[in-house]
Amino acid sequence: MKETWRWFGPDDPVTLAHARQAGATGIVTALHQINDGRAWPREEVMKRKALIEAAGLTWSVVESIIVHEDVKTRTGNFRKLIDNYKASIRSAAAAGIRVVCYNFMAITDWTRTDLEFVMPHGGTALRFDIIELCAYDVLILKRPAAEQDHPKARIETARLRLAAMSESDTARLERNLIEWVPAREFVYDRQSFRRMLDTYKEISAEGFRANLFEFLGEIVPVAEAEGVRLAIHPDDPPFPIFGLPRVVSTAADARALLAAQPSPSNGLTLCTGSYGANGQNDLVGMAKEFAPAVHFAHLRNVTREPDGSFHEAEHLGGDVDMVHVVAALKAEERRRKQEGRADWEIPLRPDHGHAIVDDIGKKTNPGYSCIGRLKGLAELRGIMRTLDALT
Ligand code: DNO
């Protein structure tokens, strides 16, 4: 498997040199400065690629070309935005980048309530607390339908929790939920978030799925013509939040998506952490079932908590059987090789990492620490080498 590393561009405190020292050979990045639906100019992609290559690395995967909200809701300027999206795919292809990761999450990209959850080892992890989400949704944001979306007992617990939180705790919770986290390109305040939620009032999950499939109908042929493999990232968390429709959360969702537009260019990012936060998802089973369509793997682990909360575990700890997921992906690579495919290698990145050792107290993008990810990658590499020796 191709060992890759996410890099957020020249402003990322974790540099390309760090990625190289971690042993990665591929870089996963985007033109983060062009995140509002504009087309990516070829020259900009080439400039970024040159920077990566000067560090002795290759740009293996684009993550992500943002899908604009107007495309997701099929309102406003969506036709022009889809043309821009196609142009960006072509620009990536012109630079020789063959895998494009994207997501179709309404409004929010990945969402956590706590970016510095202290683990027993003293480092920190990302955590999603369902009670705090409920407290924010029902009691602070006061979303009109929120009370119907949470069980009564959870709301009562949330009321007590909120009463015990300081003002700075609640401010932090709000920031984590609706402002910035890395890769969430749009930042909201309470008012603008409410307005955005309103744009989804009339969109059911089925309607949203139809919008996704129409979008696929538009972009998959372009990707196919360009030799690009699209890899949709699952919803994180993989269940509805803020009453928003969710359509890439389960194995059934992935199955429907692949069937809607059968093509070697219509594929998945197997994010073991995102799918893994839903106990119904059997990650080893999914890795096997969807193997031919897995164009990119985000390998990270989660520990699910009894009330539906979860936190990010060690890469080989937690609820996902990482060894067997990796084994399934490596079996798929062997199959591709036998088919004579030049692109048999599946890029993987150690997704997220705890903040440990020198990461602690350093300003890095939450989840994208250097040492925590380096440790994750090293552990995953250990699995791969062992499997190589035994197969
Ligand atoms: C979180 C990431 C996601 C991912 C996007 C893909 O750390 O895995 O933000 O980049 O959802 O579009």
Side-chain angles (χ1 to χ4, degrees), residues 8-9 11 30-39 63-82 84-85 88 102-115 126 128-150 155 158 162 165-205 207-208 211-212 215 233 235-237 239-248 365-367:
F8 286 100
D11 296 335
L31 296 185
H32 288 281
Q33 72 277 22
I34 308 180
N35 60 12
D36 54 2
R38 273 173 298 152
E63 179 178 354
S64 304
I65 307 175
I66 294 297
V67 182
H68 193 281
E69 285 303 311
D70 286 358
V71 173
K72 295 180 203 158
T73 54
R74 292 188 87 78
T75 56
N77 220 3
F78 74 99
R79 294 210 185 276
K80 167 79 183 129
L81 289 159
I82 292 171
N84 292 351
Y85 206 94
S88 298
Y102 67 105
N103 77 75
F104 211 80
M105 286 180 243
I107 311 179
T108 62
D109 198 307
W110 61 292
T111 299
R112 298 287 181 274
T113 54
D114 190 352
L115 306 179
L126 307 177
F128 179 89
D129 187 312
I130 196 92
I131 304 297
E132 288 182 6
L133 186 272
C134 170
Y136 182 73
D137 193 18
V138 178
L139 307 168
I140 300 176
L141 184 65
K142 301 190 166 68
R143 184 172 60 85
E147 297 224 17
Q148 287 111 66
D149 289 348
H150 297 274
I155 298 177
L162 189 63
M165 281 167 71
S166 69
E167 239 172 72
S168 71
D169 287 342
T170 46
R172 185 172 335 102
L173 176 63
E174 175 156 60
R175 263 201 315 280
N176 293 346
L177 286 173
I178 67 168
E179 291 185 14
W180 186 84
V181 292
R184 185 193 291 163
E185 309 286 355
F186 300 97
V187 169
Y188 299 100
D189 60 20
R190 209 177 295 173
Q191 284 315 319
S192 56
F193 191 64
R194 283 189 183 123
R195 273 199 303 276
M196 278 313 293
L197 287 174
D198 265 355
T199 64
Y200 280 88
K201 255 194 347 224
E202 310 294 332
I203 306 182
S204 65
F208 196 50
N211 291 358
L212 167 59
F215 178 57
H233 188 282
D235 305 326
D236 184 353
F239 43 79
I241 53 172
F242 299 120
L244 292 166
R246 287 297 217 196
V247 294
V248 194
N365 292 307

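In what follows, every heavy atom counts, from backbone to side chain, and hydrogens, waters and symmetry copies are set aside. None of the values given here were measured: they were computed from a predicted structure.
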D169 with R172: basic N within carboxylate O range, under 4.0 Å: yes
I107 vs F193 side-chain heavy atoms within contact, under 4.5 Å: yes
Within a strict 4.5 Å, meaning less than it, do heavy atoms of the V67 and F215 side chains meet? yes
When rounded to the nearest 0.5 Å, the distance separating CZ of R38 from CD1 of I66 is 12.5 Å
Using the test ring-ring contact (aromatic ring centres under 6.0 Å, His included), find all partners of F208 that sit at least two apart in sequence or belong to another chain. F104, Y200
Check step by step if side chain to side chain contact (heavy atoms under 4.5 Å, CB included) holds for C134 and I131. CA-CA 5 Å; C134 170; I131 304 297; 5.6 Å; no
Are the side chains of I140 and R190 in touch, meaning some heavy atoms are under 4.5 Å apart? yes
Would you say that N176 contacts R112 through its side chain, given a criterion of any heavy-atom pair below 4.5 Å between the two side chains? no
Heavy-atom closest pair (G207 atom, S204 atom, distance to 0.1 Å) is N-OG, 2.9 Å
What pair of heavy atoms forms the shortest contact from P366 to L115, and how long is it? CG-CD1, 3.8 Å
Between D129 and D114, is any pair of side-chain heavy atoms under 4.5 Å apart? no
Check whether any side-chain heavy atom of H150 lies under 4.5 Å from a side-chain heavy atom of L133, and answer yes or no. yes
For residues M105 and V248, determine if any side-chain heavy atom of one lies less than 4.5 Å from a side-chain heavy atom of the other. no
Value for CZ (R175) from OG1 (T170), rounded to nearest 0.5 Å, stands at 10.0 Å
Using the benzene-type ring in the case of Trp, are the ring centres of F128 and F239 under 6.0 Å apart? yes
d(L141 CG, L177 CG) to nearest 0.5 Å is 9.5 Å
If I compare all heavy atoms of G243 with all of D149, which pair ends up nearest, and what's the gap? CA-OD2, 3.6 Å
Salt bridge (Lys or Arg N to Asp or Glu O under 4.0 Å): pairs with one or both residues in residues 66-75, sequence neighbours excluded: E69-K72, R74-E214, R74-E218
Measuring from L244:CG to R143:CZ, what's the distance to the nearest 0.5 Å? 7.5 Å
As an exercise, state the distance from NE2 of H32 to CG of N35, rounded to the nearest 0.5 Å. 9.0 Å
When rounded to the nearest 0.5 angstrom, what distance separates NE2 in H233 from CD in E63? 6.0 Å
Do you know the tightest heavy-atom contact between P245 and A106? O-CB, 4.3 Å
N/O donor-acceptor pair under 3.5 Å between D137 side chain and A146 backbone: no
Do Y136 and F242 come close enough that some side-chain heavy atom pair is under 4.5 Å? yes
Can L162 and M165 be said to form a side chain to side chain contact (heavy atoms under 4.5 Å, CB included), step by step? CA-CA 5 Å; L162 189 63; M165 281 167 71; 4.3 Å; yes
